[in-house]
**Student:** 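First, the structure itself, so that you have it in front of you.
Reminder, nothing fancy here: chain letters follow the sequence lines and each chain counts from 1.
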Amino acid sequence: MTLIAVIAVIFIVLLILPFVVSLLSVRKSREASLYVKSDNVRDPRYFSNSFRALVEKGLDRQNRTVKMSKLEPFQYAEELAGNVCNTLVIAEHRFRPVGVSSFLKEIYAASSAVIAPNTSLRAIACLDELELGENCEVIRWADSDKQMIVMNGCKLGMSATSATRLRIGPDCTFRRLYAPEIVIGLHTADTARFPVDTAVFEERWTNPEGVRANETVNQTIVTEYSLEIGEGAVIMGSIKSNHHIYIHQNARVNGNVVADGAIILDSGARVLGTVFSQDSILVGPGVEIGVKPKIKSLIARKSVTLCETAKVFGYIGCEIDSVTISQDMFRTELNKRQWSSKMELMKAEIAEEKADVSPQEAEPPKTKSPAAVKAARDGKDDEEESLFD
Amino acid sequence: MEVVVTILHIYFIFVICVMIVYSIRHVVFTVNRLYGEQMISYRDLYDTELPTISVLVPMHNEELVLRYVIEALLQCDYDHDKLEIIAINDHSKDKTAQMLNRYFAEYPFVRPLHRTDENTGRGKPVALNDAMSIAKGEIIIVFDADYRPSRNLLKKIASGFIDPQVGAVMGRVIPVNPHSNMLTELLNLERSGGYQVDQQARYNLRLIPQYGGTVGGYRKHLLTEDNGYDPNNLTEDTELTYRITLKGWNVIYDNSAECYEESPEAWAVRGRQVTRWSRGHNDVMFRYFFSMIAAKNMRFWKKVDSLLLLCIYMVPFILGLGFLDCIALFFLGRMSIFSGWWVLLFIGMYNAWGNFAPFYEISAGALLDGMHKELIFLPMLCFSFYFYIWQISKGFIQALIDNTTHRQTRWAKTERYANGDRTPQ
């Protein structure tokens with residue numbers, strides 16, 4: 001009987017205890033409002049801008065310290081000695097360190113900077129032009145106000161950003177890149193292509209089988225299946241697929257390209273809007289994403305592979321370390337299992353979809369030649385006209 | 001009598017089946033959120049060609065809180081050339097109109113819409129319809145008057161529309177007064193589970209995250225080409241979710257698009273709010289249930305989950321009747337405790353894990369949000385659970401009467417508590 005009573009008491013105590021603890025916690029925890037930093041604004045050059053602001057505001061030349069989250073000692077670039085530098089570096093003149101292979105703290109370069117090959121640096125903010133030599137490693141970020149040139153084989157840490165242009169050689173790895181013009185390849189020409197007709201039509205064409213080569217579609221395509229855009233085709237709208245998208249050579253999309261699967265942009269393809277994938281993106285040679293001076297984005301949940309001579313006007317972001325490759329490696333990359341398996345899946349899906357759709361259900365697209373479209377809008381007769389200036 | 005007992009037994013089994021289905025659903029969501037592949041939202045993109053937006057803020061006697069939402073919107077980093085703010089003064093009797101006129105005098109893109117004609121009807125759906133008829137933006141974003149958007153919220157919501165299949169974007173609501181009393185602590189936990197786990201999992205699994213009617217946006221033409229909101233529906237947000245889904249558009253969720261709200265601090269206020277939600281949601285359920293079953297071109301699991309979501313405000317009523325069913329069986333002597341040990345074991349295990357598995361979602365949400373101390377309040381959810389059964393069942397019955405008698409609904413506003421201390425710090 002006593003045992004039963006003891007068990008009963010223990011049971012009741014354990015049953016009530018969580019409620020008592022909760023009630024006592026409420027009485028203790030009357031606080032003011034939740035603290036929220038609600039003035040957050042996204043800035044692609046956030047790391048550099050906040051670092052520069054701290055340095056410019058908190059520099060104490062007399063004591064040789066900078067007030068960051070704590071007081072950080074610094075040294076001037078002219079005082080560098082030894083193989084490893086473990087203090088913050090302030091370079092007031094052209095910065096070209098010799099003999100230092102590792103910078104463990106940030107670098108503030110008020111003028112241009114040239115980093116020797118095989119150097120490791122934590123982060124660098126450069127107020128002029130910046131050049132990273134071959135096989136440099138940036139642990140956190142690199143930023144420049146003017147052109148940044150990144151030689152072959154560099155690792156670009158969390159982000160590499162520039163206020164003007166970013167030129168990156170092959171075999172570099174990255175996570176986030178930002179510049180009004182990102183050029184892959186150290187010898188990629190600066191020629192600009194401005195399409196004449198940039199209209200984006202929003203009327204939807206749902207679940208098409210694909211777009212044939214050299215066809216022009218004056219609609220936005222939305223499909224549950226994988227989609228291929230034929231060589232030289234022009235989509236005067238956006239594209240959304242719940243699977244993969246393959247845009248063949250020299251095709252153009254005036255709007256955005258969004259896919260739940262992978263996106264492959266073959267040589268010379270052009271997307272005037274943003275490219276977004278919940279999988280990976282492969283960008284072939286000569287591909288251009290965006291139009292100067294607008295800022296567009298190329299974003300993948302997994303990786304982005306950028307081929308030499310491609311250009312992106314704006315922002316590139318991915319969750320897995322991504323890579324630049326040389327032009328002659330594009331076809332090899334395309335044949336890799338990661339991409340070939342997706343292409344096989346895509347072709348199988350498209351074939352299955354074609355078998356399912358009856359001739360009556362398959363809607364033809366609204367197509368016209370670009371010249372006819374322009375003429376219709378301008379009220380003129382059809383004229384022969386090039387797509388680009 | 002045997003017939004009655006048989007019916008009671010059948011209903012009992014039915015309740016258990018419903019509980020199992022929803023338990024599985026919530027456990028799947030929790031596991032997906034914790035261990036599955038997470039879809040990224042569109043918040044990371046940079047684009048200098050975001051769409052034009054009209055921000056609508058319905059207000060009825062909001063002199064206490066309106067300056068917070070207007071000031072917060074003015075601080076947003078959206079290009080003012082592409083932004084207009086339409087503050088809808090809906091038959092206010094306090095100083096709302098005067099305060100809005102002062103803002104308009106200083107900021108021309110803050111346009112008050114004064115609805116004073118009693119013949120035009122009151123309520124959020126009617127007010128939004130009027131505002132949409134004058135809105136110039138391609139995208140409509142709606143905030144309640146007591147909400148406080150963060151600076152980059154408009155860009156995050158607008159970014160979602162680069163996807164041509166997106167019809168609506170939903171952000172996340174976070175209580176700004178979580179520690180005021182036990183009720184606000186519990187609401188904080190519920191919000192965390194609901195958004196951080198439930199909504200995000202539905203987005204990950206390509207199901208239907210729910211558009212919540214505030215802290216979210218939608219393409220204006222989707223409503224204007226369809227006569228706008230239904231003025232008789234109390235949950236115009238749920239109705240919008242299903243309407244656009246049936247048209248082949250997606251609703252997406254952005255977990256980082258945060259906006260801050262004031263939770264109710266009195267149980268009576270919370271009860272009225274939940275009853276209204278239940279009434280409106282069940283009204284949508286009656287209207288759209290068979291349409292969703294018949295919908296073409298929708299993935300199977302998306303359709304299944306859409307039906308489960310539609311019925312979610314009916315489940316507490318089913319469960320409440322289930323409790324009564326158990327009591328009846330017990331007093332009829334037909335709920336034998338010892339011979340039916342497996343049933344007792346099942347019920348005991350089910351309750352130990354947490355009814356509807358909300359404990360899974362809520363505890364996972366609290367952990368992901370870093371709210372480790374708040375987990376201490378989890379046991380108190382037992383009491384709010386019974387409170388909600390009662391309030392939600394009332395709403396379900398009201399919706400049933402509304403649909404069978406075609407009764408008109410009257411809009412009632414949730415009370416505010418704001419004072420100068422309630423701005424997020």
**Student:** Is the backbone of B/Tyr46 close enough, under 3.5 Å, to the side chain of A/Ser297 for a donor and an acceptor to pair up by distance?
**Tutor:** yes
**Student:** A quick test of your reading: do over 12 heavy atoms of other residues, nucleotides or ligands sit less than 6.0 Å from CH2 of B/Trp301?
**Tutor:** no
**Student:** Quick one: what part of A/Phe276 sits under 4.5 Å from any heavy atom of chain B, side chain, backbone, both or neither?
**Tutor:** side chain
**Student:** Any side-chain heavy atom of A/Arg42 within less than 4.5 Å of one from B/Lys155?
**Tutor:** no
**Student:** Inspect the surroundings of CD in B/Glu37 and state if more than 12 heavy atoms from other residues, nucleotides or ligands are less than 6.0 Å away.
**Tutor:** no
**Student:** Could you walk me through whether A/Val258 and B/Tyr42 pass the side-chain contact (heavy atoms from CB on, under 4.5 Å) check?
**Tutor:** CA-CA 10 Å; A/Val258 179; B/Tyr42 300 93; 3.6 Å; yes
**Student:** Please check this pair: side chain of A/Arg301 against backbone of B/Met39, looking for a donor-acceptor N/O pair closer than 3.5 Å.
**Tutor:** no
**Student:** Which residues pass the side-chain contact (heavy atoms from CB on, under 4.5 Å) test with B/Lys156, sequence neighbours left out?
**Tutor:** B/Arg43, B/Asn152, B/Asp254, B/Ser256, B/Ala257
**Student:** Against chain A, label B/Asp163 side chain, backbone, both or neither, depending on which of its atoms sit under 4.5 Å from a heavy atom there.
**Tutor:** both
**Student:** What is the minimum heavy-atom distance between B/Ile162 and A/Asn256, and which atoms define it?
**Tutor:** O-ND2, 3.2 Å
**Student:** Using non-hydrogen atoms and a 4.5 Å limit, figure out which bit of B/Ser41 sits close to chain A: side chain, backbone, both or neither.
**Tutor:** backbone
**Student:** Carefully, step by step, assess B/Gln165 and A/Asn242 under the rule side-chain contact (heavy atoms from CB on, under 4.5 Å).
**Tutor:** CA-CA 10 Å; B/Gln165 203 178 13; A/Asn242 287 357; 3.3 Å; yes
**Student:** Can you tell which part of B/Asn204 gets under 4.5 Å to a heavy atom of chain A, answering side chain, backbone, both or neither?
**Tutor:** neither
**Student:** A/Ile239 versus chain B, heavy atoms under 4.5 Å apart: side chain, backbone, both or neither?
**Tutor:** backbone
**Student:** Looking at B/Leu153, B/Asn188, B/Asp77, which makes the most heavy-atom pairs under 4.5 Å with chain A?
**Tutor:** B/Asp77
**Student:** Let me know if A/Ala259 has heavy atoms under 4.5 Å from chain B in its side chain, its backbone, both or neither.
**Tutor:** neither
**Student:** Which bit of A/Ile299 comes within less than 4.5 Å of chain B, counting heavy atoms only: side chain, backbone, both or neither?
**Tutor:** side chain
**Student:** Which distance, rounded to the nearest 0.5 Å, do you find between the CD of B/Glu138 and the CD of A/Glu202?
**Tutor:** 6.5 Å
**Student:** Which one, B/Leu45, B/Thr184, B/Val166, B/Asn297, leads in non-hydrogen pairs under 4.5 Å with chain A?
**Tutor:** B/Leu45
**Student:** Which atom names give the shortest non-hydrogen contact between A/Tyr315 and B/Asp44, and what distance separates them?
**Tutor:** CE2-O, 3.4 Å
**Student:** Taking every heavy-atom pair that is under 4.5 Å apart, which of A/Asp260, A/Val21, A/Thr274, A/Val257 has the most such pairs with chain B?
**Tutor:** A/Asp260
**Student:** Is A/Asp43 in contact with chain B via its backbone, its side chain, both, or neither, using a 4.5 Å heavy-atom distance?
**Tutor:** backbone
**Student:** When only pairs under 4.5 Å are counted, which of B/Asp47, B/Ile40, B/Ile376 shares the most heavy-atom pairs with chain A?
**Tutor:** B/Ile40
**Student:** Inspect the surroundings of CZ in B/Phe387 and state if more than 12 heavy atoms from other residues, nucleotides or ligands are less than 6.0 Å away.
**Tutor:** yes
**Student:** Indicate the atoms forming the closest heavy-atom contact of B/Asn250 with A/Lys240, along with that distance.
**Tutor:** ND2-NZ, 4.0 Å
